[in-house]
Amino acid sequence: MSAAVAVGVLVAAAVHLLLQRGQLRVILGFVLLGHAVNVLLLSAGGLDRRAPAFDGAGAEVADPLPQAFALTAIVISFGITLYLLGLLSADGPTGGGEKETGDGPSATAGGEGETGGGPSATERGAGGGER
Amino acid sequence: MILAAVLVWQVVLAACVPLLSRRLGRDAGYPLAAGFLLTAGLLLLPLPVVLADRTVTADWRWLPSLDVSAALRMDALALVFALLVLGVGALILTYCPRYLGREASHTRTYLLLTLFATAMLGLVLANDLLVLFVFWELTSVLSFVLIGQGRPAAGPPAVRALLVTSGGGLALLAAVVVLTLELGTSDLGRILAEPERLKGGPAWAAGALVLVAAFTKSAQVPFHFWLPGAMVAITPVSAYLHAATMVKAGIYLLMRFSTLFGGQPAWKQTLLVVGLLTAVLGAFLALRQYDLKALLAYSTVSQLGLIVGVVGVGTPASDAAAILYTVAHALFKATLFMLVGIIDHEAGSRDIRRLSGLHRIMPATAVFTALAAATMAGLPPTIGFVGKEAIFEALTEAHHPRWTAPLAAGLGVLASVLTFAYAARLVHGVFTGPLRQQGLRPPPLAFVAPAAVAAVLATALGPAVTLLSPLVERAANDARPQGDPPYLAFWHGFTPALGLSALTVGLGTLLFVFRARADRLLRRLPTSTPFAVWFEAGRARLLRLGALVARPARAAGPATFLLRPVLAVPLLAVVAAVGLGPLPPPVGDATRPGDAVLLVLLVVTLAGLVTVRSALGAVGLTGTVGLLLSVWFVTAGAPDVALTLMLVEVLTTIVVMLVLRRRPPRLPPGGAPRALLAGAVLAGATGLAAAAGTAALTGRRDLSAPGGFLLAEAAPITGGSNVVNTILVEFRALDTLGESVVLAVVALGLVSLSDRVARAGRETPAGPADPVLVFAHRLLAPVMLVVSGLLFVRGHEEIGGGFIGALLAGTAVGLGHLAYAGSPAPLLGRLRTRPLLVAGLLLCLGVGLAALPLGRPLLTLGKVGLPGGAALPFSTSLLFDLGVYLIVLGLIVAAVRRLDVPTRPAATGERR
């Protein structure tokens with residue numbers, strides 16, 4: 001049951017972040033989704049057996065195959081997270097959030113003023129010109 | 001064997017191009033031409049065998065499970081086309097050195113031309129449908145690259161040529177599939193040996209598809225419009241690909257499949273109608289051109305049409321005529337292209353209205369142009385005359401139905417009359433009249449020589465056509481074994497064909513004499529054929545449809561399109577709740593007392609994460625979630641997963657910090673209250689669905705069968721006791737390799753992203769080093785490295801392995817980067833992304849491939865015995881893991897260095 005609860009709260013938090021404004025939130029939401037899938041993988045192996053898989057089988061030894069999958073998944077999602085961060089960084093120091101003035105659920109928010117202490121208008125122009 | 005040797009030799013030639021080009025510059029064409037002649041010589045060695053109606057074959061098992069082999073076969077038909085490819089290729093390669101500029105590097109051009117010749121050879125020598133298709137596509141792709149290289153204006157015509165020819169390629173692939181499925185083999189020799197096995201619907205389908213493939217490649221109406229566009233390529237490419245060889249691939253295909261489909265009246269009639277219409281239309285269009293290259297392009301369209309029409313007659317004489325005219329056309333059209341290139345090069349224009357009187361400056365060029373044009377016009381004594389005679393004779397034999405013969409002959413004569421007129425116009429327009437340009441110089445001898453050789457050859461082969469006869473007759477018999485064609489001769493006596501030739505010359509002369517009036521008439525015809533317009537309109541519509549389909553994915557914010565997959569999760573849960581039958585009961589007790597504590601902490605952290613407004617806080621809380629989960633993984637019996645996750649969290653946090661350093665400290669507001677509420681509701685529903693799914697679908701069975709096998713057998717098989725690690729580096733090594741490639745791609749992506757940013761000029765000088773961090777780095781980095789090495793080495797037996805070791809070393813890299821604020825840190829500061837990636841990938845691949853010579857499948861790792869009876873002290877999987885280690889480290893180096901853009905010193909190149 002604990003795995004189900006963990007997956008549920010992780011997914012809920014991830015979706016909540018994904019659907020908000022701001023690229024950083026999307027990236028963090030993606031990280032949480034990765035965690036949720038890892039828990040799901042281990043749970044698929046059966047969490048009633050929880051001894052580490054060293055030296056032979058036993059009634060209590062965990063299934064090693066989902067663990068190998070989870071390891072692969074962690075490293076791949078690490079790579080993707082880094083790439084998303086790279087995209088965020090390539091957007092320039094102004095932050096990606098204020099550019100997303102699309103028709104998403106959050107389109108009505110006028111959030112630019114809140115990014116207080118942020119960059120000057122010229123820097124923003126340079127960042128925008130990159131795209 | 002000789003066939004394989006020929007192809008290998010051609011590839012070797014291609015491989016030598018960079019070296020030759022560096023040594024000799026543009027003169028690299030000469031040794032390459034010699035190489036081509038050598039290839040031709042090799043192919044001529046088995047000439048007696050070929051002429052004795054036997055074939056030279058070679059084959060290797062390629063895809064045994066599909067019964068496909070890499071089979072080659074050379075009969076006379078293949079030999080004729082192969083000699084054409086190599087002979088014209090050698091001429092073009094001797095022409096290139098004087099045509100191409102002295103300064104620029106021409107490695108690419110020479111390489112592509114050599115590879116193209118190889119692909120053409122493979123195409124004509126293929127004895128398996130799949131091999132044929134592969135080489136067919138290769139020629140299309142190389143043609144595209146050769147057209148498109150250089151000028152940006154060449155892009156659209158190159159794309160159009162590619163779209164049309166590769167569309168034909170798809171048709172050929174479909175034909176290959178139909179034939180292979182219907183006949184149960186892809187062996188071309190066997191298929192052609194028993195043509196009667198193919199009948200009914202599949203025969204019609206395959207025949208139609210082959211026709212489409214051939215018509216696109218050989219620029220027949222309505223697909224002809226790509227060929228004039230392809231003239232944006234440099235002249236040697238136009239001469240070689242788009243006059244002499246590639247466009248003949250369609251003709252080859254038609255002749256090759258004559259045995260199979262030639263008995264069908266529909267096949268013959270289609271060829272006749274399409275071919276002769278193309279011949280007349282192309283000739284009309286050619287007569288209207290002022291640009292010499294465009295004139296020659298439309299002329300090529302027209303003459304290819306004539307050949308296609310003649311193939312459609314389907315008698316031994318017609319096959320022989322088609323082959324002979326293919327050879328003649330390759331000779332004179334390549335020559336004309338070369339000469340037009342010379343005129344363009346020396347006089348600076350190809351416009352017939354601007355050129356005149358050039359024979360005063362370049363008499364040799366004028367003479368050879370006249371010879372080649374006479375061949376094109378079909379005047380005696382050239383090979384063009386013999387070829388035209390043969391064609392007229394063949395066309396008068398077309399009697400299916402009976403009234404076809406006069407119509408076919410009439411259209412053939414009409415096309416030839418027009419051909420005569422534009423040939424005369426070409427020579428007259430360029431060379432007669434007063435010399436209007438100043439300061440022209442004659443072209444160097446070496447420039448004219450290849451064209452001269454071809455022009456003289458084209459002229460001399462008319463009277464000496466008997467030299468070609470045995471080969472051409474044999475080839476005609478190979479195309480369609482139905483008796484020997486009439487003996488080719490220069491003089492046949494007074495035949496109807498001679499009368500048609502005389503008629504052609506007479507009418508052509510009239511058309512030339514009254515050219516002013518003819519011009520006015522021609523101008524009244526519609527200016528462009530509609531097919532190109534239709535094609536472009538269709539393409540634009542298709543692109544618009546694509547844009548329409550993709551529009552939802554191009555919303556400004558990610559939330560819009562992330563919404564869709566997210567919505568699918570609760571929907572799926574509803575479907576499952578309705579449709580899923582009774583579930584087996586849960587097995588065992590999947591909860592432990594400690595779980596509750598961790599879950600409470602997890603919920604609290606996540607609640608903080610979704611409400612926090614500080615960017616730093618959000619990152620910290622995300623890291624905390626990861627750490628909580630890794631603790632939980634330890635209690636769940638997955639120490640490797642836990643350790644990896646922990647290190648990944650630390651590294652992610654370091655990298656995010658680097659990215660965030662110059663970004664606003666607060667997150668933007670999440671959105672309007674209503675949108676936030678809607679998002680929260682959806683998030684709750686999705687979370688509930690995920691939880692329900694996890695509860696319903698997991699924990700309801702015992703240990704899986706593969707899991708049980710691995711637990712029992714991993715240690716005995718691999719000698720490693722850490723089962724999870726042995727899965728990664730031995731049982732599922734191919735997956736791990738794929739994953740490493742993904743990481744390498746990400747690293748390269750980061751490098752190129754940051755290069756783009758750096759080019760936009762946003763660097764600031766490196767900041768001062770932080771003394772506290774420097775001290776910490778000095779103290780910790782060596783320890784981390786030693787531990788990283790230990791973790792790596794013991795990975796097979798205990799917790800650790802390549803990923804974990806590299807992540808720890810990467811943490812040291814990140815610490816050093818933070819401490820020295822961008823200037824290279826001691827110890828690890830000099831690591832570079834690309835060498836690490838290359839070394840890692842090569843190591844992984846090398847270890848994986850090393851299993852093959854030992855007769856074991858790819859990526860079989862394990863202990864390796866040494867010759868002396870001893871064994872290596874470690875398993876080769878350790879080397880594989882080292883490759884993974886290097887790749888992961890490369891990724892981290894890329895991330896740490898490249899994502900810290902604003903404080904990077906102003907340099908882009910040095911860190912590659």
Side-chain angles (χ1 to χ4, degrees), chain A residues 1-5 7-9 11-13 15-16 18-22 26 28 31 35 40 42-44 46-48 50-55 57 62-65 67-68 70-72 74-75 78-79 82-83 85-86 89-90 93 95 97 100 102 104-106 108-109 111 114-115 118 130, chain B residues 555-560 562 566 588-591 595 599 603 606 610 622 629 636-639 641 644-645 648 659 662-664 667-672 675 679 683 686-687 690-691 694-695 698 703 706-707 710-712 721 723-724 727-728 739 743 746 749-750 753 757 760 803 895 899 901:
Chain A
M1 228 29 229
S2 38
V5 175
V7 168
V9 292
V11 167
V15 169
H16 193 62
L18 284 177
L19 294 182
Q20 290 186 48
R21 287 166 61 91
V26 174
L28 297 182
V31 171
H35 288 326
L40 178 65
L42 288 197
S43 172
L47 284 171
D48 51 323
R50 291 199 181 185
F54 294 111
D55 291 327
D63 193 338
L65 199 57
Q67 294 189 18
L71 268 178
T72 309
I74 289 173
V75 179
F78 175 55
L82 289 187
Y83 195 74
L85 285 169
S89 161
E100 285 142 19
S106 51
T108 46
E114 295 256 6
T115 56
E130 294 269 314
Chain B
T560 322
L562 285 177
V566 166
D589 180 18
T591 38
D595 290 358
L599 281 178
V603 170
L606 287 172
V610 294
T622 311
L629 285 175
V641 179
T644 311
L645 186 59
V648 161
V659 173
R662 293 280 299 260
R663 297 179 72 81
L667 295 170
T686 318
T694 312
T698 67
L703 188 62
L710 289 166
L711 281 178
S721 53
V723 182
V724 176
I727 295 175
L728 285 179
E739 173 196 354
L743 295 184
V746 168
L750 288 176
L753 266 178
V757 173
F803 285 130
L899 293 187
V901 173

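Below, chain A is the first sequence line, B the second, and so on; all start at residue 1.
Residues forming a side chain to side chain donor-acceptor pair (under 3.5 Å) with B/Thr698 (at least two apart in sequence, or on another chain): A/Ser43. In this structure, A/Asp48 has no side chain to side chain donor-acceptor pair (under 3.5 Å) partners at least two apart in sequence or on a different chain.
Using a 4.5 Å cut-off between heavy atoms, B/Val610 touches chain A through backbone and side chain atoms alike. For B/Leu750, the parts lying under 4.5 angstrom from a heavy atom of chain A are both the backbone and the side chain. Residue contact with chain B, scored on non-hydrogen atoms closer than 4.5 Å, involves the backbone and the side chain of A/Val9 alike. The contact between B/Val641 and chain A is made by backbone and side chain atoms together, counting heavy-atom distances below 4.5 Å. Heavy atoms closer than 4.5 Å to chain A are found in both the backbone and the side chain of B/Leu645. Interface residue A/Ala51: only backbone heavy atoms are found under 4.5 Å from chain B. For chain B, the nearby part of A/Leu42 is the side chain; its heavy atoms alone come within less than 4.5 Å. Proximity to chain A (any heavy atom under 4.5 Å) is restricted, for B/Val603, to the side chain, taken from C-beta onward.
Residues B/Gly637 and A/Ala62 approach most closely at O-CB, 4.2 Å, considering heavy atoms. The two residues B/Glu739 and A/Val75 come nearest to each other via the heavy atoms OE2-CB, 3.3 Å. Looking at every heavy atom in both residues, A/Ala12 comes nearest to B/Ala683 through O-CB, 3.2 Å. Closest heavy-atom contact between B/Leu606 and A/Ala13: CD2-CB, 3.8 Å. The shortest heavy-atom contact between A/Gly8 and B/Ala691 is CA-CB, 3.7 Å. Of all heavy-atom pairs spanning A/Leu82 and B/Ala895, the tightest one is CD1-CB, 3.5 Å.
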Would you sort out whether B/Asp595 and A/Arg50 count as a salt bridge (Lys or Arg N to Asp or Glu O under 4.0 Å), showing the intermediate values? CA-CA 12 Å; B/Asp595 290 358; A/Arg50 291 199 181 185; 3.0 Å; yes
Carefully, step by step, assess B/Leu562 and A/Val15 under the rule side-chain contact (heavy atoms from CB on, under 4.5 Å). CA-CA 9 Å; B/Leu562 285 177; A/Val15 169; over 6 Å; no
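Contact check for A/Gln20 versus B/Leu667: no side-chain heavy atoms found under the 4.5 Å cut-off. Counting heavy atoms from C-beta on, the side chains of B/Leu753 and A/Tyr83 come closer than 4.5 Å.
When each of A/Ala3, A/Gly79, A/Pro64, A/Ala70 is checked for heavy-atom pairs under 4.5 Å with chain B, A/Pro64 comes out on top. When the candidates B/Pro639, B/Gly679, B/Gly588, B/Ala636 are compared by the number of heavy-atom contacts under 4.5 Å with chain A, B/Ala636 comes out ahead. Between chain B and the residues A/Leu40, A/Leu18, A/Asp63, A/Val31, the largest count of heavy-atom pairs under 4.5 Å involves A/Asp63.
In this structure, the separation between CG on B/Leu711 and CG on A/Leu65 is 9.5 Å, given to the nearest 0.5 Å.
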